[in-house]
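First up is the structure itself, then whatever we jot down about it.
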Amino acid sequence: MRVDIITLLPQIFEKVFDESVLGAAVKNGLIDIVLHQFREYGEGRHKTVDDTPFGGGPGMVFKPAPLVNCIRDVRKKGIHAPVIGLTPQGMPLNQCLVKELALFDRIILVCGRYEGFDERIINEFDFQLSIGDYVLTGGEIAAMTVVDAVSRMIPGTVGCEESVIQDSFYEGILDHPQYTRPANWEGLLVPDILQNGNHALINKYRRSRSLLTTLVTRPDIFATAYLNESDKDIFQEILNTSSNNNL
Ligand code: 6GU
């Protein structure tokens, strides 16, 4: 997959895309990241890309021409790709969208800065994405988030495909807790069930922990999660146990 990133700060991406799992995916050619400094499309001697807002107010706004000219050039430099504006006004990113994005052979990410874009630039976006209900100083960290999450969905990136399937959100519910040695650390014990090697019981334990954590901490996700028949048995057992204990 190829990801083009249009930004005023291309240098801040280097470390993130050089290291660890993402770095390996880049080196193995699973993901090809192309950074574009859109200052090059700025106007005049100072390569100006922004101006004060009409109507007054704080901060600066991206002018339409430099960014749109850059987007149009980048679009032409490869196969057809959606242009995605990274803005707090965008569609909230979730794992479902991440999986959809991973199906493209190429995407173009546009990072905002300052107080925002001239509204007329928005016509150039196929859609806008937000990574959550808070405001960042720019779209760069959001772009890194998108690339990280999407690249994990490309087969081969994460080495062990099973770990991707089991991960939080991938199946619509949160991950179960994990433990490693020592079994007793500062008096905190690893549940016995994880140490007895009975994989049917271990899987059931993990699934019930996932379901319960999701129900308690993210009822919004739980409400739309797909529960299978054995999940329903798990809840029935919990209800039976609590009624036996007069809870
Ligand atoms: Cl994509 N950009 C900015 N500036 N802030 C955000 C965001 C994006 N997503 C959440 N907050």
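Only heavy atoms go into these numbers, but all of them, side chains included; no hydrogens, no water, no symmetry mates. When a ligand or atom number is given, it counts from 1 through the structure's own listing order. We count residues from 1, following the sequence as given.
Judged by distance alone, the side chain of Glu140 and the main-chain N or O of Thr7 form no donor-acceptor pair under 3.5 Å. Under a 3.5 Å cut-off, the side chain of Ser151 and the backbone N or O of Leu22 do not form any donor-acceptor pair. The backbone N or O of Val83 sits less than 3.5 Å from a side-chain atom of Asp126, completing a donor-acceptor pair. Using modelled atom types, no side-chain atom of Arg206 and backbone atom of His176 make a donor-acceptor pair closer than 3.5 Å. Using a distance-only test at 3.5 Å, with no hydrogens or angles considered, a donor-acceptor pair links the side chain of Gln37 to the main chain of Arg39. Formation of a donor-acceptor pair under 3.5 Å by the Ser130 side chain with backbone atoms of Gly132 is found in this model.
Closest to atom 10 (C) of ligand 1 among all protein heavy atoms lies Gly132 O, 3.1 Å. Closest to atom 8 (C) of ligand 1 among all protein heavy atoms lies Thr87 C, 3.7 Å. For atom 9 (N) of ligand 1, the nearest protein heavy atom (residue, atom name, distance) is Ile131 N, 2.9 Å. Taking atom 11 (N) of ligand 1 as the reference point, the nearest protein heavy-atom neighbour is Tyr134 O, 2.5 Å.
Proximity to Leu136 (heavy-atom distance under 4.0 Å) selects the following atoms of ligand 1: 3 (C), 4 (N), 5 (N), 6 (C), 11 (N). Remark: ligand 1 atoms within the under-4.0 Å shell around heavy atoms of Leu86 are 1 (Cl), 2 (N).
Inclusion of Thr137 in the set of residues having an N or O under 3.5 Å from an N or O of ligand 1 is not warranted. For Ala142, no nitrogen or oxygen atom sits less than 3.5 Å from a nitrogen or oxygen atom of ligand 1, counting backbone and side chain alike. In terms of polar-atom proximity, defined here as any N/O pair under 3.5 Å, Leu129 makes no such contact with ligand 1.
For the salt bridge (Lys or Arg N to Asp or Glu O under 4.0 Å) test with Asp4, the passing option among Lys76, Arg106, Arg75, Lys77 is Arg106; the others fail. Partner Phe222 forms a side chain to side chain contact (heavy atoms under 4.5 Å, CB included) with one of Thr217, Val216, Leu211 and no other, that one being Leu211.
Note on ligand 1: Pro88 sits in its first shell, one or more heavy atoms being nearer than 4.0 Å. Not a single heavy atom of Gly112 sits closer than 4.0 Å to an atom of ligand 1.
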